[in-house]
Amino acid sequence: MLHIIVCIKQVPMVSELPWDPRTGTLKRETAQGMMDPAARRALEAALQIKADRTSGPVRITAVSMGPPMAEEVLYEARALGADQGVLLTDPCMAGADTCMTAVILGKFIKIHCPDAGLILCGSMSSDSETAQVGPQLAEDLDIPAIGYARRLELVDGCIRVERHVDDFLELMEMDLPGLVTIDHAGESDRYTPRYVALGGVEAAFNTGNIQVMNRQALGLDHAFNALKHSPTKIMDVYSPVTEKKGRVLTGAVKKMVDTLFDDYGKIISSAMGKDLKTHDHEEDK
Amino acid sequence: MEKQIWVWADYRNYFQSRVTLQILARATDLAKKTDAVVCAVVFGDRVDEYVAEYIAHGAQKVYVTDDPFLNTYNVESYAFLLSALVRRFQPETLLVGATRFGQEIAPRVAKQLNTGLTADCIDLDIDDKGRLVQIAPSFGGNLIAKIITPNARPQMATIRPGTFQELPHDDDAKGEKIPIPLPDHMPAPRVRCLKSELHPVRARKIETADIVITGGRGMGSKGKFKKLFDLAALLNAEVGATRPVVYADWISSDAMVGQAGKHIRPKLLFSFGVSGAIQHTAALADAKFIVAVNKNPNATMMKLADVALVADANQACSGIIRALKQRIRN
């Protein structure tokens, strides 16, 4: 049986980020969480492999590392069709950079899923956008990896991946176990995520089956501190908005547009490389 | 031992992407502050042409492994080689272009070397202790973080293409080529490339366009968003978009302007219905002149604009198209 591990991150819902208008910063603690869109595509890829009868029996484990509230995305994964959900959560894991996140996910797979054949991740999460955890997890597990998959297929015990990387269309192949990251951009509709009926999520909540694992379950010693052990340190965080003293136009659209061309026509025509008549309404008189 | 700043040379799409040259330019500035030597690292098969190019663009030394075994980009072999070279020559800093291949190789090298890596930097600096300050959008892209790697070495960062301006080509520049033979113990690659063909997403690029028109959700709908292409045709411009627009499938992902997309530096930028989340605005800070349209005068994008039109994006776009047609005709 092929055991697929899907790494799922809970991210803040970007469209609804609450801002503190006084400081101009994000009130992250009150942000709503959702399943990262790229991870959702990775889960979809796993579900499609499972649905394909030619792949043989498939078991899907969804795993997430994060605070207790990240459990929500695992219930959602269960409702979508994952067989099992596992949350790795412990105060000592807070503040992990990508390197430490890979170490923690790696511990889980090595100890609890030694039979893992295929590991799927989103290529890039929508919040931190580093694209680093997938490749670093493969490195931690010492298995081959292919990034940015748009399509994958099991062929004679190998995995075959189609991808678009830096203007190259590529077809790659590797033996299992291996790790694949699914393209977050989704230029093909192959892994457009399915939606789950509300009833499905409710049922998943009722049946439970989310395992919670802490530091001990992952064999991390009591001195483990992801923040401290992360090689990168954040020195400073600031809101980058630099305001210009630009001109603000209001009123009827036609009037604003005329002002735009009359007063800034030279800039526009020079960028276009073409002469524009900039005062035609004057001359029309 | 001399201090070195390394730039991993990504030349696979040399004619499309100038990211290595751009990073070499920034590395040259940083090297002046820390008294370091700027080095490029080139792997491949028959790469003399690139070596000469990197020297002409600021590399004082170029480490080169030139071998038919390296004729296609293979992330495992390349990461193995790069890590081995870093262990041997111990550069202070290793910079990699955030191309997709760069974003595959850099995390693996960082993990092999047990060092930190900051993704997609929008700037680099040196602090008063001589450490590399890696400046990257963070916290969902709404804030900028200054990140350092205090203890581990090398200090590693990937840099989004288009972030820095390349130095002019200098034919008289002198640089030393240091050949490094392929090690005997290269591991056999576990990933096989069955096919790789050049397939550019688009012939023209918003990264190099003089005029760019970006649209956000404020355009209203996929159908209305198309109007931006009419305006682009008149202005000889390229169309870009924010992330929500790309995610809503109003336009393909290669048009995305932002931290996860393209970094642009047009002479003139029109922005329609864009609120201005930092992951978008950070990528257009170099636009020379910005015209923004938004119903909300307090939108961040409006505050970045040279001229801000408080209006419905869709109506304003129609108005500008009308006016432009008239003025071109006249």
Side-chain angles (χ1 to χ4, degrees), chain A residues 12 14-15 17 25-26 28 97-99 102 124 127 129-132 135-136 139-140 144 146-148 165-175 185 187 231-241 243-244 246-250 253-254 256-257 260-261 264 267-268 271-272 276-277 280, chain B residues 12-13 16 99-101 103-104 107-108 111-112 115-119 139-140 142-150 152 190-200 210-211 235-236 252-253 259-260 267-268 278 289 297 300 303-311 315-316 319-320 323 327 330:
Chain A
V14 176
S15 58
L17 284 180
T25 58
L26 173 67
R28 199 173 170 84
D97 70 359
T98 63
C99 219
M124 185 190 267
D127 61 343
E129 300 184 329
T130 68
Q132 288 173 192
Q136 295 193 321
E139 198 61 53
D140 188 80
I146 304 174
Y148 301 105
V165 170
D166 302 329
D167 288 349
F168 288 83
L169 264 185
E170 296 185 323
L171 186 64
M172 319 283 279
E173 190 184 76
M174 67 180 171
D175 300 328
E187 286 163 59
T232 55
K233 299 274 175 268
I234 296 177
M235 285 167 78
D236 186 18
V237 175
Y238 55 97
S239 180
V241 178
E243 296 181 11
K244 275 184 192 169
R247 184 164 160 204
V248 179
L249 305 177
T250 54
V253 167
K254 177 155 193 331
M256 281 192 277
V257 170
L260 175 68
F261 280 102
Y264 306 96
I267 291 168
I268 299 170
M272 286 170 73
L276 281 182
K277 206 165 183 188
D280 64 349
Chain B
R12 183 161 74 157
N13 354 1
Q16 291 85 37
T99 58
R100 284 195 156 190
F101 188 83
Q103 283 180 306
E104 277 195 297
R108 302 195 72 133
K111 188 78 174 59
Q112 285 177 18
T115 190
L117 171 64
T118 302
F139 294 97
N142 291 283
L143 297 171
I144 301 284
K146 286 188 175 177
I147 296 167
I148 54 164
T149 308
R190 295 174 294 185
V191 174
R192 304 173 283 279
C193 181
L194 305 179
K195 201 170 77 184
S196 177
E197 48 192 52
L198 192 60
H199 190 275
D210 281 340
I211 306 182
L235 286 170
N236 192 24
S252 66
S253 61
Q259 191 205 351
K267 290 180 186 161
L268 175 61
I278 183 58
F289 195 84
T300 306
K303 293 179 179 167
L304 296 177
D306 295 277
V307 185
L309 279 65
V310 183
Q315 284 173 14
I320 292 174
R327 282 161 206 258
N330 290 338

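It should be emphasised that the depicted structure is a prediction, and the values quoted were computed from it without experimental measurement. Residue numbers begin at 1 in each chain, while the letters A, B, ... track the order of the sequences.
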note = Scored by heavy-atom pairs under 4.5 Å with chain A, the best of Thr149(B), Leu268(B), Val307(B), Leu309(B) is Val307(B)
Contact winner vs chain B - Gly147(A), Pro135(A), Cys99(A), heavy-atom pairs under 4.5 Å = Pro135(A)
inquiry  = Would you compute the distance between atom CE of Met172(A) and atom OG of Ser196(B) and round it to the nearest 0.5 angstrom?
reply    = 8.0 Å
key: Derivation and outcome, salt bridge (charged side-chain N to carboxylate O under 4.0 Å, His left out), residues Asp166(A) and Arg100(B)   = CA-CA 6 Å; Asp166(A) 302 329; Arg100(B) 284 195 156 190; 5.9 Å; no
remark   = Under 4.5 Å to a heavy atom of chain B? For Val253(A) that would be side chain
message = Can you tell me which of Leu249(A), Thr130(A), Leu169(A) forms the most heavy-atom pairs within a distance under 4.5 Å of chain B?
response = Leu169(A)
key: Atom group of Ile268(A) that falls short of 4.5 Å from chain B, counting heavy atoms   = both
key: Close side-chain approach of Leu117(B) and Thr98(A), heavy atoms under 4.5 Å   = no
ask   = With chain A, which of Arg192(B), Lys195(B), Gln103(B), Glu197(B) has the greatest number of heavy-atom pairs at distances under 4.5 Å?
value = Arg192(B)
inquiry  = Using a 4.5 angstrom heavy-atom cutoff, name the option from Thr250(A), Asp175(A), Asp97(A) with the most pairs to chain B.
reply    = Asp175(A)
inquiry  = What part of Lys233(A) gets within 4.5 angstrom of chain B, counting heavy atoms only: side chain, backbone, both, or neither?
reply    = both
request  = Go through the steps to decide whether Glu104(B) and Arg12(B) satisfy the test salt bridge (charged side-chain N to carboxylate O under 4.0 Å, His left out), and finish with yes or no.
outcome  = CA-CA 14 Å; Glu104(B) 277 195 297; Arg12(B) 183 161 74 157; over 6 Å; no
ask   = Which one, Ile320(B), Asp210(B), Ile148(B), leads in non-hydrogen pairs under 4.5 Å with chain A?
value = Ile148(B)
ask   = With chain A, which of Lys267(B), Arg190(B), Gln112(B), Gln315(B) has the greatest number of heavy-atom pairs at distances under 4.5 Å?
value = Arg190(B)
key: Per-residue contact mode, Ile211(B) against chain A (heavy atom under 4.5 angstrom)   = side chain
message = Are Phe101(B) and Phe168(A), when compared by the centres of their aromatic rings, separated by less than 6.0 Å?
response = no
task = Sort Pro297(B) into side chain, backbone, both or neither according to what part of it lies under 4.5 angstrom from a heavy atom of chain A.
result = neither
query = If you measure from NZ on Lys254(A) to CE on Met256(A), what distance do you get to the nearest 0.5 Å?
reply = 12.0 Å
key: Smallest separation among heavy atoms of Gly319(B) and Val257(A), with atom names   = O-CG1, 3.8 Å
Salt-bridge present (Arg247(A), Asp306(B); N to O < 4.0 Å) = no
